[in-house]
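Below is one structure, written out as structure tokens; comments come after it.
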Amino acid sequence: MRGAFSIGLLLSMSGLVQPGYAQGAFLPWGQHSDMVAWEGFTQITAPAGNPKARKVEFETWASDEDIYVKSPAQWPSVDAPKVLQPSALARASMRSDAVVRPFAFTTDCTKPQGLPPGTAAAGSTFPPGGCIGEEVRRNWASFQYIVSNGLDSRAGLGKAFASGLKVDLPADAIEFKGDWASVADVSKWLGVDAGVIRGHYYTSSTTIAGVATEIALLSFHISSKQVKNWVWSDFEGAMNPGRCDFIGCRDSFGAANAGVTPNPDPNRPYGDCPKTPALKSMLESAGTDAVWQNYCLKGTQVTFLDENGKPTLLGNSVIEPLNANVPPIARPGISIRRT
């Protein structure tokens, strides 16, 4: 599939083939990927159920630090503190050794790479002095596969390569990547007080530069292994400026307005994304907090190419253009998640 993607990307960039928006697809058993995305969303944002910690499900999973920094890899305790890291995608675009040393981090958040003039998010009003921290989590099925196959260390990766291991995670594997910023920075970005931020974004706390900090979840990817190439989905806070820029927003299951076209001028608000009765029922039945209804599905993706052979695109206005300086119009989503 990487070969097919490379050919498609070269054709699209040369102008011979225009890329198509990621509109999702019906999976082999007849369910649309947009509905699958919301089922995954509902599962991972439901209360974790442990009275010792106010966490949702994904916050109890193993982080990059748990898997790749700790030796041996460890499944986290329920009260483990949240630890953020700089964007690996941003580091990969800036440094040739990012893949070799992806977790040699010395900071917990970084200044977004897409803010200066001429970069992917130029014109954004995100505070120039603010920073964004990233969180990557893997559920038990994903954690177990990585650790049991020795894929959590360089030595293990070397052995896996030498043995010809074909990496194929189980069908119940789920992975999460989310970008957070301090409530204070988001308040400045959107021009509203902190109370509004708390009412529209899921908030938590972490330590940034040695200081306890309240943070808001701006956007996130979810990838789940129900099919060979995974089901990829992107979610953003409804208040995020530019959340449907460049490639629009498409949600055939959860949004009352299934298709939102991009604004001609970037970095502008798109307003709320009212939910369908079916999605509201799903979220309420799972006991999710009402704040999660303020998140919108950007789109889903299950293949590199659409039925006409055009490369499909899926991206996230915070994780890629703002934080990593990667234009979503330039890179199909599956390739980004696999870097």
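Just so it is clear, the values below take in all heavy atoms, side chains as well, and ignore hydrogens, waters and symmetry mates.
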Residue K55 excluded, over 12 heavy atoms near NZ under 6.0 Å
yes
- request: For the pair Y145 and V167, evaluate side-chain contact (heavy atoms from CB on, under 4.5 Å) and give the outcome as yes or no after the intermediate values.
  value: CA-CA 9 Å; Y145 183 90; V167 177; 4.0 Å; yes
Practice item. Examine M35 and L283 and state if one hydrophobic cluster contains both, with Ile, Leu, Val, Met, Phe, Trp and Tyr joined whenever side-chain heavy atoms are less than 4.5 Å apart. Key: yes
For P117 and A122, the nearest pair of non-hydrogen atoms, with its separation, is CA-CB, 4.1 Å
Quick one: does R138's side chain get under 4.5 Å of D64's, heavy atoms only? yes
**Heavy-atom check, side chain of T300 versus side chain of V36, under 4.5 Å** = no
Mark yes or no for whether S187, through its side chain, and V192, through its backbone, hold a donor-acceptor pair below 3.5 Å.
yes
In terms of heavy-atom contacts, A286 and P47 come closest through O-CD, 4.1 Å
Tested for side chain to side chain contact (heavy atoms under 4.5 Å, CB included) against T45, the lone hit among T288, D289, V291 is T288
Please answer: with hydrophobic residues joined when any side-chain heavy atoms are less than 4.5 Å apart, are I319 and F246 in the same cluster? no
Looking only at heavy atoms, the pair that brings K298 and I247 closest together is CE-CG1, 3.9 Å
Smallest heavy-atom separation, T213 atom then S182 atom, equals CG2-CB, 3.7 Å
Interatomic distance, OG1@T206 vs CG@L84, rounded to 0.5 Å, equals 4.5 Å
* same_hphob_cluster(F253, F26) at 4.5 Å side-chain heavy-atom cutoff -> no
Side-chain contact, heavy-atom cut-off 4.5 Å: Y201 with V183? no
State, yes or no, whether a side-chain contact exists between C109 and I132 at a heavy-atom distance under 4.5 Å.
-> no
Between P116 and Q113 the two heavy atoms that sit nearest each other are CD-O, 3.6 Å
Does K159 NZ have over 12 foreign heavy atoms under 6.0 Å away? no
| D168 with K225: basic N within carboxylate O range, under 4.0 Å | yes
Between F41 and F235, how do the two ring planes meet: parallel, tilted or perpendicular, split at 30° and 60°?
tilted
Cut-off 3.5 Å, side chains only: do N139 and S142 have a donor facing an acceptor? no
Rounded to the nearest 0.5 angstrom, the OH-CZ distance for Y202 and F220 is 11.0 Å
(Q) If we count only N and O atoms by modelled type, under 3.5 Å, do the side chains of Q226 and S224 hold a donor and an acceptor together? (A) yes
With a 4.5 Å heavy-atom cut-off, do L89 and E134 have their side chains touching?
-> no
Greater than 12 external heavy atoms within 6.0 Å of D272's CG:
no
- Validation row, ring centre F176 to ring centre W61 under 6.0 Å: no
Kindly determine whether L217 and W292 satisfy side-chain contact (heavy atoms from CB on, under 4.5 Å), including the steps that lead there.
CA-CA 10 Å; L217 179 60; W292 292 106; 3.8 Å; yes
In sequence, state the C-alpha distance, the side-chain angles, and the governing distance for S205 and E214, and then conclude on side-chain contact (heavy atoms from CB on, under 4.5 Å).
CA-CA 4 Å; S205 60; E214 184 182 20; 5.5 Å; no
Would you kindly say whether the two SG atoms, from C296 and from C273, are closer than 2.5 Å?
-> yes
Exercise. Would you say L115 and V318 are hydrophobically clustered, going by side-chain heavy atoms of ILVMFWY under 4.5 Å?
Worked result: yes
Mind checking whether V147 and L157 sit in one hydrophobic cluster, side chains of I, L, V, M, F, W, Y counted as touching below 4.5 Å?
yes
Q) Is a side-chain donor or acceptor of S33 paired with a backbone partner of A25 at a separation under 3.5 angstrom? A) yes
Distance col, row W180:CH2 vs L218:CG, nearest 0.5 angstrom, shows 9.0 Å
Rounding to 0.5 Å, atoms CG (L313) and CZ (F304) come to a distance of 12.5 Å
In this structure, CG of D179 is separated from OG of S87 (nearest 0.5 Å) by 6.5 Å
_Using only atom types and a distance under 3.5 Å, with no angle test, would you say the side chain of D245 pairs donor to acceptor with the backbone of P262?_
no
One should read off an interatomic distance between E284 CD and L279 CG, to the nearest 0.5 angstrom, of 9.5 Å
Before you tell me yes or no, could you show the steps for I215 and K82 under side-chain contact (heavy atoms from CB on, under 4.5 Å), namely the whole-Å CA-CA distance, both residues' side-chain angles and the distance that decides it to 0.1 Å?
CA-CA 10 Å; I215 52 176; K82 185 181 294 294; 3.7 Å; yes
Between Y295 and W38 (judged by ring centroids, cut-off 6.0 Å), do the two rings come close enough to count as a pair?
no
Taking the side chain as every heavy atom from C-beta outward, state whether D234 and L297 have any atom pair closer than 4.5 Å. no
**Message:** With a 3.5 Å distance limit and no angle check, can you tell me whether D34 reaches the backbone of S252 through a side-chain donor-acceptor pair?
**Reply:** yes
Got a donor-acceptor contact below 3.5 angstrom from the T60 side chain to the V78 backbone?
-> no
- Query: Should H221 and E320 count as side-chain neighbours, where that means a heavy-atom distance under 4.5 Å?
  - Reply: yes
> Is any side-chain heavy atom of Y68 less than 4.5 Å from a side-chain heavy atom of I146?
Replying inline: yes
_What I want to check is whether the side chains of Q31 and E39 have a donor and an acceptor closer together than 3.5 Å._
yes
Donor-acceptor pair, distance only, cut-off 3.5 Å: does the side chain of D66 make one with the backbone of R137?
no
**Message:** Has E236 got a side-chain atom pairing as donor or acceptor with S317's backbone, closer than 3.5 angstrom?
**Reply:** yes
| query | Donor-acceptor pair, N240 side chain versus R243 backbone, under 3.5 Å? | reply | no
Practice task
State whether the side chain of D193 and the backbone N or O of G195 hold a donor-acceptor pair below 3.5 Å, judged by distance alone.
Solution key: yes
N323 and A90 have their tightest heavy-atom pair at O-CB, 3.8 Å
Treating Q301 as the side-chain partner and T312 as the backbone partner, does any N or O pair qualify as donor plus acceptor under 3.5 Å?
yes
